[in-house]
Amino acid sequence: MALTADLSRTALRLTSRISPSLAVSAALPAFRRPHTSARPRPEEEAVMRAARRETVSVAGRDVVVFRWGNGERPVLFLHGWMFRTSRFVPLISALTERGYSPVAFDAPGHGESSDGETSILQYGDMARRLAPDDGHYEAVVGHSVGGLASFWAVREEVTATRLITLAPMPGYTHLVDSFCTGAGLTGRAKAVLRTRIEQDLFAGVPNIWERFSATYQPARLTLPILVVHDEDDDMIPVAHARRIADTYGSQADLLITQGLGHRRILADPRVIEAVLDFVSATDPVR
């Protein structure tokens, strides 16, 4: 499998030098339709079975929704690219025990939802559709791309008392650059890919490279924000988290961990306790 992936990257790297458009056409389906075959871990299964499930249609695809609690004090969870709701189980359990009502979904191509294209617009749409009648969440929690989507959702789709972002992706540009690196797209192929994304995925949506950023129009977000990132994150450098926290100044708390990387940060007891304290705090900023 690794050899096959290496050969594919080499082929795309060579093709991108000769024919950028051909290379992008070959790589774009993988960007538009992420898919992960990872299943819930044994320690996640009991909590996932306890969820109330429903299926909603998003752009013609079935999206599985999960709810816990009695509906009071709702907390929205937004998972990352190639992740799934079940990875939030430690946080979901802790918040449910505290009387909150977590709600989450597996985006198309992820977890239990059907295969299909996924974009940040769908995250915003689902945040709005799953919100209570007043459109307000007690908190929104996002990881990685879901962390980026949480800024977008609270800025333009819903309101929340608090925002928690774990190992956040700083902007859509970072996602595209990371994909190009992994796929082997180089040189002019990157510019071609950006154009195709604008035309195919976000037709009619203006300023996507500016709007889909964690630091876009910061004055529009007045709620307290908790940014958590690990120094050893090999997918998103911790410097991005520091920049996000600096952008929001005194309304943002920054927690830097060590040795957790991009994934284990979701289950670390210290991180869970920090999130619980932040969500339940009486003061806007601690």
Side-chain angles (χ1 to χ4, degrees), residues 30-36 38 76-85 87-88 91 104-111 117-127 140-157 160 163-183 185 190 193-194 197-198 201-202 205 207-218 221 225-248 252 254-257 260-266 271 275:
F31 182 83
R32 299 179 64 158
R33 301 171 68 91
H35 180 76
T36 174
L76 175 67
F77 284 85
L78 301 174
H79 68 71
W81 208 255
M82 305 295 286
F83 281 79
R84 56 186 298 148
T85 291
R87 299 299 182 255
F88 283 122
L91 272 169
F105 62 93
D106 283 342
H110 296 78
E117 297 180 6
T118 299
S119 80
I120 195 170
L121 294 176
Q122 294 170 345
Y123 277 74
D125 180 38
M126 288 299 296
V140 174
V141 182
H143 171 241
S144 192
V145 170
L148 171 61
S150 67
F151 282 95
W152 155 256
V154 174
R155 187 190 307 119
E156 305 206 19
E157 300 293 339
L163 173 62
I164 298 97
T165 180
L166 309 169
M169 185 160 287
Y172 205 71
T173 298
H174 184 91
L175 174 62
V176 175
D177 288 346
S178 297
F179 176 80
C180 287
T181 298
L185 296 178
K190 289 186 178 183
L193 178 62
R194 285 170 65 99
I197 288 172
E198 292 169 359
L201 274 67
F202 297 101
V205 181
N207 305 321
I208 65 169
W209 309 109
E210 292 79 21
R211 290 174 66 195
F212 300 144
S213 167
T215 56
Y216 177 69
Q217 294 186 347
L221 294 183
I225 301 169
L226 175 63
V227 182
V228 184
H229 212 108
D230 192 79
E231 287 188 347
D232 302 310
D233 192 317
D234 61 347
M235 296 184 67
I236 302 174
V238 69
H240 291 300
R242 298 185 193 278
R243 181 170 62 86
I244 291 170
D246 287 345
T247 297
Y248 291 95
L254 176 64
L255 172 61
I256 302 297
T257 60
L260 301 176
H262 193 68
R263 297 168 179 82
R264 295 198 305 276
I265 199 170
L266 295 176
V271 172
V275 172

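Values below: every heavy atom of this structure, side chains too, minus hydrogens, waters and symmetry copies.
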From [X] [atom1] over to [Y] [atom2], what is the distance, rounded to the nearest 0.5 angstrom?
X    : Y    : atom1 : atom2 : value
Y216 : W209 : OH    : CH2   : 15.0 Å
Y172 : E210 : OH    : CD    : 14.0 Å
I208 : L121 : CD1   : CG    : 8.5 Å
I197 : L193 : CD1   : CG    : 4.0 Å
S150 : L163 : OG    : CG    : 4.5 Å
L148 : H174 : CG    : NE2   : 10.5 Å

Side chain to side chain contact (heavy atoms under 4.5 Å, CB included) between D125 and E157, intermediate numbers included = CA-CA 7 Å; D125 180 38; E157 300 293 339; over 6 Å; no
Check: [X] side chain, [Y] main-chain N or O, donor-acceptor pair, under 3.5 Å:
X    : Y    : answer
E156 : A153 : no
S144 : G146 : no
R194 : T173 : no
D106 : R84  : no

Could you report the tightest heavy-atom contact between [X] and [Y], atom names first, then the distance?
X    : Y    : result
I236 : P168 : CG2-O, 3.4 Å
V238 : E231 : CB-CA, 4.2 Å
I244 : P170 : CD1-CA, 4.3 Å
L166 : V275 : CD2-CG2, 4.4 Å
S213 : R155 : O-NH2, 2.8 Å

So, do F105 and F77 have ring centers that fall under 6.0 Å from each other?
-> no
So, do Y123 and F212 have ring centers that fall under 6.0 Å from each other?
-> no
Step by step, would you call L260 with D232 a side chain to side chain contact (heavy atoms under 4.5 Å, CB included)?
-> CA-CA 7 Å; L260 301 176; D232 302 310; over 6 Å; no
Side chains of V205 and R211 in contact at under 4.5 Å (non-hydrogen atoms) | yes
Looking at side-chain heavy atoms only, is the closest gap between F31 and L175 below 4.5 Å?
-> yes
Option among H240, H262, R263 that satisfies the side-chain hydrogen bond (donor to acceptor under 3.5 Å, both in side chains) test with D233 | H262
With distance as the sole criterion, is a donor-acceptor pair present between the side chains of H229 and T257 under 3.5 Å?
-> no
Identify which one of L91, T165, L266, V228 satisfies the side chain to side chain contact (heavy atoms under 4.5 Å, CB included) criterion when paired with H143.
-> L266
With side chain to side chain contact (heavy atoms under 4.5 Å, CB included) as the test, would you mind laying out the steps for L78 and V141 before giving the verdict?
-> CA-CA 6 Å; L78 301 174; V141 182; over 6 Å; no
Can R264 and D230 be said to form a side chain to side chain contact (heavy atoms under 4.5 Å, CB included), step by step?
-> CA-CA 9 Å; R264 295 198 305 276; D230 192 79; over 6 Å; no
